[in-house]
Amino acid sequence: MIIPTSFETASGSSPLVPCKASGDPPPSIRWTKDKKHLPSNFMVFSNGSLSMKLVKKKNEGSYICTASNDADKVSTTITVNVYGMFELK
């Protein structure tokens with residue numbers, strides 16, 4: 001499984017977090033946040049990447065990428081940190 005262990009992004013951005021796994025049969029990939037369902041503004045693409053649309057500080061936390069097939073199930077955790085955006089005057 002290939003995934004970063006931590007990820008930092010700006011508030012209001014829309015990052016894409018990769019999660020890749022291989023196996024036979026090919027695994028399906030599922031994401032959760034703090035062991036719950038993902039926020040409604042997030043989605044998982046067919047390649048396993050997590051799309052985080054317009055992140056906010058409240059979206060910080062632990063995200064788990066789980067790859068599973070009939071043979072095995074593996075998970076890894078990524079910590080997402082969201083920093084604020086500042087406006088210069």
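Just so it is clear, the structure is predicted and the values come from calculations on it, not from any experiment.
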Asker: Ignoring hydrogens and geometry, is there a side-chain-to-backbone donor-acceptor pair from Ser14 to Leu54 under 3.5 Å?
Answerer: yes

Asker: Rounded to the nearest 0.5 Å, what separates atom NE2 in His37 from atom OG1 in Thr32?
Answerer: 9.5 Å

Asker: Does some side-chain heavy atom of Thr77 sit less than 4.5 Å from a side-chain heavy atom of Tyr63?
Answerer: no

Asker: Of all the heavy-atom pairs spanning Ser22 and Pro27, show the shortest one and how long it is.
Answerer: C-CD, 3.8 Å

Asker: Could you walk me through whether Val82 and Lys58 pass the side-chain contact (heavy atoms from CB on, under 4.5 Å) test, one step at a time?
Answerer: CA-CA 8 Å; Val82 179; Lys58 70 179 184 178; over 6 Å; no

Asker: How long is the gap from SG on Cys65 to CD1 on Ile78, to the nearest 0.5 Å?
Answerer: 9.0 Å

Asker: Between the side chain of Trp31 and the main-chain N/O of Gly48, is any donor-acceptor distance below 3.5 Å?
Answerer: yes

Asker: What closest approach, in Å, do Gly61 and Lys33 show between heavy atoms, and which atom pair accounts for it?
Answerer: CA-NZ, 4.5 Å

Asker: Do any N or O atoms from the side chain of Asn41 and from the backbone of Lys53 form a donor-acceptor pair under 3.5 angstrom?
Answerer: yes

Asker: What's the spacing between Asn59 CG and Thr9 OG1 if we round to 0.5 Å?
Answerer: 10.0 Å

Asker: Could you give me the CA-CA distance, side-chain angles and deciding distance for Ser51 and Phe45, then say whether side-chain contact (heavy atoms from CB on, under 4.5 Å) is met?
Answerer: CA-CA 7 Å; Ser51 171; Phe45 289 121; 3.5 Å; yes

Asker: For the pair Ser13 and Val55, evaluate side-chain contact (heavy atoms from CB on, under 4.5 Å) and give the outcome as yes or no after the intermediate values.
Answerer: CA-CA 6 Å; Ser13 66; Val55 295; 3.7 Å; yes

Asker: Could you pull out all residues at least two apart from Asp34 that satisfy side chain to side chain contact (heavy atoms under 4.5 Å, CB included)?
Answerer: Ser62

Asker: Taking Leu38 as the starting point, is it possible to reach Phe7 by hopping between hydrophobic residues whose side chains are less than 4.5 Å apart?
Answerer: yes

Asker: Are any of the side-chain heavy atoms of Val17 and Ser49 separated by less than 4.5 Å?
Answerer: no

Asker: Within this structure, what is the CZ-SG distance for the pair Arg30 and Cys19, rounded to the nearest 0.5 Å?
Answerer: 12.5 Å

Asker: Are Val44 and Ile64 grouped together when hydrophobic residues (ILVMFWY) are joined by side-chain heavy atoms under 4.5 angstrom apart?
Answerer: no

Asker: Could you tell me the separation between the OG atom of Ser68 and the CD1 atom of Ile29, rounded to the nearest 0.5 Å?
Answerer: 9.0 Å

Asker: Can you tell me which residue pairs pass the salt bridge (Lys or Arg N to Asp or Glu O under 4.0 Å) test with a partner in residues 60-73, sequence neighbours excluded?
Answerer: Lys57-Glu60

